[in-house]
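Per chain, numbering begins at 1; letters A, B, ... match sequence-line order.
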There are 2 protein chains.
Amino acid sequence: MNDLSTRKIAELAEAVAWRRAATEMAATTTSDEGALELVELFFFAYRDFVGDADRLLENYGFGRAHHRVLHFVSRRPGLAIAGLLEILRITKQSLNRVLKQLLEAGFVEAREGVLDRRQRLLYPTPQGAKLARDLAALQTARFLKVMDELPPAARGAASEFLFAMIDYDERERVRAHLACAKAAGAAP
Amino acid sequence: MNDLSTRKIAELAEAVAWRRAATEMAATTTSDEGALELVELFFFAYRDFVGDADRLLENYGFGRAHHRVLHFVSRRPGLAIAGLLEILRITKQSLNRVLKQLLEAGFVEAREGVLDRRQRLLYPTPQGAKLARDLAALQTARFLKVMDELPPAARGAASEFLFAMIDYDERERVRAHLACAKAAGAAP
DNA sequence: TATTTACGTCAACTATATTGACATAAATCT
DNA sequence: AGATTTATGTCAATATAGTTGACGTAAATA
């Protein structure tokens, strides 16, 4: 039995133990105390979730802002500036500094819009696509591991749960974004 | 039929529609494409989750950093500086600026440790406790609403899912923190 | 032709974090 | 008792990510 399987067993035991605890407090999950636990779990989960990528980005001299831009450009190639601003909810001035660095470093390229020549449509370069894949791999790995730990019945629930956490008014936009990204991802 | 119930029905329909979509792609949830969707849903969910509190904090001239400090001090009264630094994963210099403002504004107070007089144990003032409650109410309201939208079977799954998202090495610490906070919350 | 839209840019500013160096008082080890 | 470690505070310089406001330009549109 190697370290990996020992670790694996420990993690599964971990998951089982937590599942028991979660079940026990299932009744209180809809209470304030249960909800407060969720608030903190969400904080810790997000902290660790972005931590993986942060470490990789350091090697490139990039930060989280670069990651977000690269990610969404890669997932939705041909995205215009305005679309990116809407997703990221930052000002164009703030985006510009980060985007300029990604353009200069050759991770993203901008092409003139065909329908509307004022637009600058953003695409990842091969180098950018590679980094985006590497970053995404870290994060999807975490999710795939989580799905592996969770009982099958709870797997679909994660997606439902996260979607329900999004502002009601934003859901349509997010759904459209995901559909677009899916289509773009299926193409190559 | 008032606006509220119309909205409520729309949201439930929303939830049902998404549940169908989530179930359809349940098979792909363990695939890379499904995991990529989760990555983005997590981003959007967190963005909206912190957005609520941000708006309230503006009225006080505080930011997210203040929120985090106030939150953890309120949830774990008597927390020492070192404990806070470990939870927030920031440097003491960074904490100090924010903490100083909270102390001066009378939202947090520090008492000399009884067992170890070098420690400064942090407590919320009544005013601080009130703000912490108001902020927490916004966030727990979102979770309670989500739990209401979700089918009962998926409710416990949210907690399991978030816990599984946390770094393995951090889980014990988080569990201890939650237990401690729960005990502190039960006392008064 | 007039207006709006999509974008770029300069400037000043804020918030949140970092590293590094140094200080102090209390606890603890030898 | 003296040396060391620990918990904390503080000064300074710097980085990153964001903001508001003002102004410019080219292309689309009314």
Side-chain angles (χ1 to χ4, degrees), chain A residues 43 46-47 50-51 53-73 78-105 108-123, chain B residues 43 46-47 50-51 53-73 78-105 108-123:
Chain A
F43 168 77
Y46 194 79
R47 183 192 65 177
V50 294
D54 284 350
R55 284 182 284 277
L56 179 56
L57 287 159
E58 271 179 23
N59 305 333
Y60 294 83
F62 291 147
R64 270 181 214 179
H66 302 85
H67 182 189
R68 289 196 284 264
V69 171
L70 184 59
H71 173 91
F72 287 110
V73 167
L79 188 61
I81 302 289
L84 198 44
L85 292 177
E86 201 167 69
I87 291 171
L88 300 176
R89 289 216 187 136
I90 58 175
T91 57
K92 60 178 174 178
Q93 294 90 330
S94 190
L95 171 63
N96 214 266
R97 178 177 36 80
V98 172
L99 181 56
K100 206 182 279 181
Q101 289 169 0
L102 284 168
L103 289 165
E104 281 168 7
V108 171
E109 66 176 24
R111 301 180 204 155
E112 189 177 72
V114 271
L115 290 171
D116 185 336
R117 284 168 45 213
R118 292 171 303 180
Q119 289 185 321
R120 291 175 74 211
L121 308 184
L122 303 172
Y123 296 85
Chain B
F43 168 78
Y46 195 79
R47 182 192 66 176
V50 294
D54 283 351
R55 282 181 286 276
L56 178 56
L57 286 160
E58 270 179 24
N59 305 333
Y60 294 82
F62 291 148
R64 271 182 213 177
H66 303 86
H67 183 189
R68 290 195 286 263
V69 170
L70 184 60
H71 173 91
F72 286 110
V73 167
L79 187 61
I81 302 288
L84 198 45
L85 292 177
E86 200 167 70
I87 291 171
L88 300 177
R89 290 218 186 135
I90 56 175
T91 59
K92 60 179 174 176
Q93 294 91 330
S94 189
L95 172 61
N96 215 265
R97 176 184 41 83
V98 171
L99 181 56
K100 206 182 278 181
Q101 290 169 356
L102 284 169
L103 288 165
E104 281 167 8
V108 170
E109 66 176 24
R111 301 181 204 154
E112 189 176 72
V114 271
L115 290 171
D116 186 335
R117 284 168 47 214
R118 291 171 302 181
Q119 289 186 320
R120 290 175 75 211
L121 307 184
L122 303 171
Y123 296 86

Exercise. When you match A/Asp116 and A/Gln93 each to their closest nucleotide on DNA chain C, which lands nearer the 5' end?
Worked result: A/Asp116

Exercise. Looking only at side-chain N and O atoms, does B/Arg118 come under 4.0 Å of OP1 or OP2 in C/dA25?
Worked result: no

For this session: Would you mind telling me which residue lines up with the more 5' stretch of DNA chain D, A/Arg89 or B/Leu121, judged by nearest nucleotide?
Result: B/Leu121

Problem set entry | Closest to side chain of A/Arg117, choosing from D/dA27, C/dC7, D/dT8 | D/dA27

For this session: Could you check whether B/Arg97 gets within reach of a base, just the sugar-phosphate, or nothing at all, counting any heavy atom under 4.0 Å?
Result: base

Problem set entry | Reported CD-to-CD distance for the pair B/Gln101 and B/Glu104, which is rounded to 0.5 angstrom | 7.5 Å

Problem set entry | Separation between CG of B/Leu79 and CD of B/Gln119, rounded to the nearest 0.5 Å | 9.5 Å

Problem set entry | Separation of atom CG in A/Leu95 from atom P in C/dA6, rounded to whole Å | 15 Å

Exercise. Going by the angle between their ring planes, with limits at 30° and 60°, are B/His66 and B/Phe62 parallel, tilted or perpendicular?
Worked result: parallel

For this session: Let me know the distance between CD1 of B/Ile81 and P of C/dA26, rounded to the nearest Å.
Result: 16 Å

For this session: Look at B/Asn96 and D/dT8 and indicate whether a side-chain polar atom (N or O) is within less than 4.0 Å of OP1 or OP2.
Result: no

Problem set entry | A/Thr91 side chain near D/dG18 phosphate (N/O to OP1/OP2, under 4.0 Å) | no

For this session: Can you measure from CG (B/Leu122) to CG (B/Leu70) and round to the nearest 0.5 angstrom?
Result: 11.0 Å

Exercise. Does C/dT9 have OP1 or OP2 sitting under 4.0 Å from an N or O in the side chain of A/Lys100?
Worked result: yes

For this session: Grab the CG-C1' distance between B/Leu99 and C/dT16 for me, whole Å please.
Result: 15 Å

Exercise. How many Å lie between CD on A/Gln119 and P on D/dA28, as a whole number?
Worked result: 10 Å

Exercise. C/dA6 P sits how many Å from A/Leu84 CG, rounded?
Worked result: 15 Å

For this session: Round to the nearest Å and state the distance from A/Glu112 atom CD to D/dA27 atom P.
Result: 7 Å

Exercise. Of the non-hydrogen atoms in B/Ala110 and B/Leu103, which two are nearest, and what is the gap between them?
Worked result: N-CD2, 3.8 Å

Exercise. Whole-Å distance between C/dA23 C1' and B/Lys92 NZ?
Worked result: 10 Å

Seminar exercise, completed: The residue, A/Val114 or A/Gly63, whose nearest nucleotide of DNA chain D is more 5′ is A/Gly63

Exercise. Whole Å only: how far is the CD atom of B/Gln101 from the P atom of C/dT16?
Worked result: 8 Å

Exercise. Are A/His66 and D/dA17 close enough that a side-chain N or O sits under 4.0 Å from OP1 or OP2?
Worked result: yes

